[in-house]
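Position 1 is the first residue of the sequence, and the numbers go up from there.
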Amino acid sequence: MNVTTGTTSVTTGTGGTSARPGGPAVEIDWSEAFCSEGANCFRFGLDDAGRAYIGSTLSPGAYVSDSVEALRALIQAVKAGAADHLL
C-alpha cells in the first residue's frame, strides 16, 4: 500500500526492497537501528536514487520516504522542539 502526500510517501511492503508507484523496485540500504529505552527502534535508509527512508523495526515493511533535504528539515524541526508536545 502506498499513501502519498506531496513528495512524502508512506509505504508498506517487504522490508529491504520497495516498489515505487509506477516504477521498479528499489533496494534500501538501512543503517543500524537507533533504539531508545524500551527497545523503541527506528532506522534510516537511502536508496540508489538518493531518497531517504525512516522505518520502525517493529514493522520492517512500513516506512516513510522523502528526499534527503526533507529528512534533514524534519530532523532540524524535531531538534528545535516541533514535536515536544508529543512527549
Side-chain angles (χ1 to χ4, degrees):
M1 175 178 82
N2 293 303
V3 178
T4 303
T5 304
T7 60
T8 302
S9 63
V10 178
T11 304
T12 58
T14 58
T17 303
S18 166
R20 288 193 183 146
V26 295
E27 188 68 27
I28 302 168
D29 182 23
W30 292 105
S31 62
E32 185 75 24
F34 169 79
C35 300
S36 63
E37 294 178 25
N40 297 313
C41 300
F42 290 90
R43 59 194 180 148
F44 297 94
L46 290 173
D47 66 17
D48 290 340
R51 288 192 58 81
Y53 297 82
I54 302 173
S56 168
T57 58
L58 295 176
S59 300
Y63 45 81
V64 177
S65 173
D66 207 325
S67 67
V68 171
E69 294 81 16
L71 176 60
R72 185 175 296 117
L74 171 67
I75 291 170
Q76 289 173 343
V78 169
K79 288 172 73 174
D84 286 357
H85 66 284
L86 299 173
L87 303 176

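For the atom pair CD of Glu27 and CG of Asp48, the computed distance is 8.0 Å after rounding to the nearest 0.5 Å.
Here the closest non-hydrogen pair linking Tyr63 and Gly55 is CB-CA, 4.0 Å. Smallest separation of non-hydrogen atoms from Ser56 and Arg43: O-NE, 4.3 Å. Smallest separation of non-hydrogen atoms from Val68 and Gly50: CG2-O, 3.0 Å. Shortest non-hydrogen contact noted between Ala52 and Leu71 is CB-CD2, 3.6 Å.
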Can you check side chain to side chain contact (heavy atoms under 4.5 Å, CB included) on Asp66 and Leu74, steps first, answer last?
CA-CA 10 Å; Asp66 207 325; Leu74 171 67; over 6 Å; no
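Cluster membership for Trp30 and Phe34, using ILVMFWY side-chain heavy atoms within less than 4.5 angstrom, is not shared.
In this structure, the side-chain contact (heavy atoms from CB on, under 4.5 Å) partners of Ser31, at least two apart in sequence or on a different chain, are Phe44. Ala83 is linked by a side-chain contact (heavy atoms from CB on, under 4.5 Å) to Val78, Leu86, counting only residues two or more places apart in sequence or in another chain.
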